[in-house]
2 protein chains.
Amino acid sequence: MANQSSRLDQIFAALADPTRRAIVMRLCAGEASVGELADPFDMALPSFMKHIHVLQTSGLVLSEKSGRVRTCRLSPDALLGAEDWFQQQRAIWEARLDRFEAYVMKLKKEKERAGAKRPSRTTKRKGSE
Amino acid sequence: MANQSSRLDQIFAALADPTRRAIVMRLCAGEASVGELADPFDMALPSFMKHIHVLQTSGLVLSEKSGRVRTCRLSPDALLGAEDWFQQQRAIWEARLDRFEAYVMKLKKEKERAGAKRPSRTTKRKGSE
DNA sequence: TGTATAGTTAGCTTCATGGCTAACCAATCG
DNA sequence: CGATTGGTTAGCCATGAAGCTAACTATACA
């Protein structure tokens with residue numbers, strides 16, 4: 001009951017593993033059984049199953065057992081959710097860039113008005129924008 | 001020296017932690033010193049520094065020390081790199097959907113031609129499409 | 001019915017992660 | 001100079017992740 005990890009935590013953690021990313025990529029191309037999924041990996045089945053389980057609890061993958069075969073498929077919603085996060089960050093980032101550009105323009109104008117005064121000895125910049 | 005983890009591994013692992021996502025979000029709005037970044041978090045500085053370090057080695061964050069202040073800023077390239085991964089997956093996914101739709105259309109036509117024959121006992125689908 | 005197949009459970013190791021304290025530079029400031 | 005501030009290094013601890021083997025369940029096939 002102490003485990004308070006958000007959906008995004010789980011999704012990114014799931015995708016941080018190359019095996020699991022490969023599974024997701026494979027599932028993007030269509031559903032598959034656990035055995036089919038495990039085949040290309042040089043790994044004991046129980047270890048592989050753990051990856052499947054991580055993907056499931058993250059919500060990225062759904063599965064259903066029929067007979068003795070468990071078929072896995074991708075849940076596109078979860079994937080889109082994570083993609084959204086990036087797009088939100090990018091939106092903020094780009095807004096900042098716009099503001100920064102505006103700031104540079106302002107600087108430029110001020111410079112035009114003031115001309116070059118001191119011999120610029122600042123190779124590094126400390127400015128907080 | 002045995003640690004062979006790809007850039008994407010590191011980026012997703014970095015983003016799997018809510019503290020680090022918060023740092024990235026904050027940096028999206030502009031660069032900041034370590035102290036400024038650490039301020040909202042109830043965490044000892046060395047612990048916080050570890051997060052900064054993880055973000056740096058993942059390539060998401062760059063920093064530069066001037067005087068006794070270290071200023072951090074976002075590396076948008078890394079963020080875009082991760083976003084790309086999602087878009088690639090989505091492209092594959094959507095291509096599959098298109099193929100699936102085509103497949104359903106084909107099924108429909110076949111059904112039209114054949115009518116309902118056997119009492120369909122296949123609730124499950126096994127097809128590798 | 002008996003055997004092979006497909007997953008699953010249990011339990012163990014090892015190493016990485018995330019947190020802490022304490023002590024330590026190195027710039028600033030009074 | 002001496003104290004403060006901002007960051008860093010070192011080292012400890014608890015937890016969780018990623019792998020394994022061995023043994024088990026349950027379906028499918030002959």
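So you know, we letter chains A, B, ... as the sequences are listed, proteins then strands, and number each from 1. Just the heavy atoms: all of them, side chains too, but no hydrogens, waters or symmetry mates, feed the values below.
Checking D/dG19, C/dG18, D/dT8 against every side-chain atom of B/Arg70, the shortest atom distance belongs to D/dT8.
Looking at heavy atoms from C-beta onward, A/Val24 lies in side-chain contact with B/Trp85 at the 4.5 angstrom threshold.
The two residues A/Leu15 and A/Arg21 have their closest heavy-atom pair at O-NH1, 2.7 Å. Residues A/Phe48 and A/Val34 approach most closely at CE2-O, 3.9 Å, considering heavy atoms. The minimum heavy-atom distance between B/Ala78 and B/Ile11, with the atom names listed, is O-CD1, 3.7 Å. Smallest separation of non-hydrogen atoms from B/Cys28 and B/Leu74: SG-CD2, 3.5 Å. Closest of all the heavy-atom pairs between B/Arg70 and B/Ser63 is NH1-OG, 2.8 Å.
Near DNA chain C, meaning a heavy atom under 4.0 Å from it, residues 44-53 of chain B has B/Ala44, B/Pro46, B/Ser47, B/Lys50, B/His51 in order of number.
In this structure, CG of B/Leu15 is placed 17 Å from C1' of C/dG18, rounded to the nearest angstrom. Atom CD of A/Glu36 is separated from atom P of C/dT5 by 16 Å (rounded to the nearest Å). Atom pair B/Leu55:CG and C/dG18:P shows a separation of 10 Å (rounding to whole Å applied). Look at NZ on B/Lys65: it is 13 Å from P on C/dC25, rounded to the nearest Å. Distance, A/Asp17 CG to D/dG16 P: 18 Å, rounded to whole Å. Distance A/Phe12 CZ to C/dT17 C1': 18 Å, rounded to the nearest Å. Counting to the nearest Å, the P atom of D/dT15 and the CG atom of A/Asp9 are 19 Å from each other. Whole-Å rounding puts the A/Glu64 CD to C/dA6 C1' distance at 16 Å.
Between B/Phe12 and A/Phe86, the ring planes are perpendicular. Angles over 60° get that label, and only those under 30° would be called parallel.
B/Thr19 comes within contact range of no nucleotide atom at all, as no heavy-atom separation falls under 4.0 Å.
In terms of polar N and O atoms assigned as donor or acceptor, the side chain of A/Arg68 comes within less than 3.5 Å of the base of C/dT5 in a complementary pairing.
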